[in-house]
Every structure is written in C-alpha cells, then in structure tokens.
Amino acid sequence: QVALMESGGGSVKAGGSLSLSCVASGYTYDSYCMAWFRQAPGKAREGIASISTRTGRTRVEFYVKDRLTISRDNARNTMYLQMNSVKLEDTAMYFCAARKGDCMRRDGTWYQRRDEYAYWGQGTQVTVSS
C-alpha cells in the first residue's frame, strides 16, 4: 500500500528557511512522479513543484522558483522541498503527492492538477510570521 509521510513543517520568520521531507513507502519509488502541493486557508490546493524520481527532472512554479528547490534521494525513498527567504504568503499546509509513471505528458506538459495525483500524505503546516 502506498504511503506518504511529510515532515519538517513549523513556524518560521519571514526571510528564514525551512526544509520539508516526504518519505514514501509501499511501491517502487523510482517509477513514480512526486510533487509538492500547498493549500492556504480559503484557497485551492496548488501544485508548486514536481520531480521525476526516475530522471531527476524537476519543475517549480515560476512564482516560487527563486526560493524553493525540490530534490529527491532515491536511496532513502525521500523527496525534499527546501524553502529559502520565506514570505508570509508561503503560509499553508504542504502536501506530498505521487502518481504512477512519468511527470510529463507526451506533449511535454507537466501533470500538476490535484486530480492527477492518486496518492497523498497528511500534510505538514508551514506558518510564516513577520
């Protein structure tokens, strides 16, 4: 059974850094696409970064690309999200998600909708204060 577990959330001052982790179990790790989503209060869940565990290729949304880095360690079945220079608007519940197969469609676009990922963690809260 596929299981995802996030950790690393917490409270941080604006301008600080935080590192999130997602440990996966129950499947062949390098045959799935992994992603980070976040959901702020009253807002829809948005995909912010994805990584192919097979190729290591990544996608990060342009509005956080200069501050957030996604990476993975296949030996540990773990995905990471390094958050630097955090802003108040980064406050949200952060979710780890996985889908079987590639991260990209044949036309080169990335899977980044919530309904395109079948497996989800419980989430970890990130709160940024001024």
Side-chain angles (χ1 to χ4, degrees):
Q1 184 173 352
V2 176
L4 303 173
M5 177 68 74
E6 306 94 337
S7 63
S11 297
V12 60
K13 293 282 191 182
S17 296
L18 207 60
S19 182
L20 307 183
S21 300
C22 171
V23 179
S25 62
Y27 62 93
T28 305
Y29 185 71
D30 61 0
S31 64
Y32 278 64
C33 173
M34 304 290 292
W36 286 102
F37 284 71
R38 70 183 183 185
Q39 188 166 16
K43 295 189 177 181
R45 192 171 298 187
E46 59 177 353
I48 55 174
S50 307
I51 186 165
S52 168
T53 55
R54 182 175 60 86
T55 67
R57 192 168 180 180
T58 63
R59 174 198 69 85
V60 181
E61 286 297 322
F62 70 93
Y63 50 86
V64 292
K65 194 171 186 176
D66 59 338
R67 301 183 296 108
L68 272 57
T69 303
I70 187 172
S71 61
R72 97 288 195 213
D73 183 341
N74 285 4
R76 290 182 167 83
N77 284 8
T78 302
M79 174 179 67
Y80 305 96
L81 185 69
Q82 179 64 39
M83 304 175 64
N84 297 326
S85 303
V86 296
K87 301 179 178 180
L88 295 177
E89 54 262 40
D90 291 326
T91 295
M93 184 72 78
Y94 284 71
F95 296 90
C96 169
R99 57 170 283 118
K100 192 172 184 180
D102 293 334
C103 287
M104 297 174 68
R105 301 181 186 87
R106 291 187 178 185
D107 65 2
T109 58
W110 288 75
Y111 294 107
Q112 54 189 95
R113 296 199 319 261
R114 178 176 180 173
D115 63 351
E116 293 174 322
Y117 287 79
Y119 305 101
W120 293 85
Q122 294 296 311
T124 186
Q125 177 68 38
V126 172
T127 302
V128 182
S129 60
S130 58

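The model shown is predicted, which means the values in this text are computed figures rather than measured ones.
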Checklist entry - Do the side chains of Leu4 and Tyr111 join up, straight or via other hydrophobic residues, at under 4.5 Å, putting them in one cluster? => result no
Item to check | Which atom of Val64 lies closest to which atom of Val60, heavy atoms considered | outcome: CG2-CG1, 3.8 Å
Item to check | Leu68 side chain reached by Glu61 side chain, heavy atoms, under 4.5 Å | outcome: no
Next on the checklist: Between Trp36 and Met5, is there shared hydrophobic-cluster membership here, with clusters defined by ILVMFWY side-chain heavy atoms closer than 4.5 Å?
Outcome noted: no
Next on the checklist: Does anything in residues 115-130 form a salt bridge (charged side-chain N to carboxylate O under 4.0 Å, His left out)? List the pairs, not counting sequence neighbours.
Outcome noted: Arg105-Glu116, Arg113-Asp115, Arg113-Glu116
Item to check | Side chain to side chain, Met83 and Val12, heavy atoms closer than 4.5 Å | outcome: no
Checklist entry - Taking only residues two or more places apart in sequence, or in another chain, which ones meet Ala97 in a side chain to side chain contact (heavy atoms under 4.5 Å, CB included)? => result Phe37, Tyr117, Trp120
Next on the checklist: Going by ring-ring contact (aromatic ring centres under 6.0 Å, His included), name the pairs with one or both residues in residues 70-102, residues two or more places apart or in two chains.
Outcome noted: none
Throw together a table of side-chain donor-acceptor distances under 3.5 angstrom for residues 123-130, partners on residues two or more places apart or in other chains.
{"residue": "Thr124", "atom": "OG1", "partner": "Gly9", "partner atom": "N", "Å": "3.1"}
{"residue": "Gln125", "atom": "NE2", "partner": "Ala92", "partner atom": "O", "Å": "3.4"}
{"residue": "Gln125", "atom": "NE2", "partner": "Thr127", "partner atom": "OG1", "Å": "3.4"}

Item to check | Minimal non-hydrogen separation, Arg54 against Arg72, with atom names | outcome: O-NH2, 3.9 Å
Checklist entry - For Tyr63 and Glu46, does a side-chain donor sit closer than 3.5 Å to a side-chain acceptor? => result yes
Item to check | Test side chain to side chain contact (heavy atoms under 4.5 Å, CB included) applied to Thr58 - qualifying residues, sequence neighbours left out | outcome: Ile51, Ile70
Next on the checklist: Taking CD in Glu89 as the centre, count heavy atoms belonging to other residues, nucleotides or ligands within less than 6.0 Å. Is the count above 12?
Outcome noted: yes
Checklist entry - For residues Ser52 and Arg57, is any side-chain donor paired with an opposing acceptor at under 3.5 Å? => result no
Checklist entry - Rounded to the nearest 0.5 Å, how far does OG of Ser85 lie from CG of Asp90? => result 9.5 Å
Checklist outcome for this item: Minimal heavy-atom distance between Gln82 and Ser17, with the atoms involved, is NE2-CB, 4.0 Å
Checklist outcome for this item: Connected to Met104, directly or through other members, by ILVMFWY side-chain contacts below 4.5 Å are Trp110
Item to check | Check: Leu81 and Ile48 side chains under 4.5 Å, non-hydrogen atoms | outcome: yes
Item to check | Flag side-chain contact, heavy atom, 4.5 Å: Arg59 against Cys103 | outcome: no
Checklist entry - If you round to the nearest 0.5 Å, how far is NZ of Lys43 from CE of Met93? => result 16.0 Å
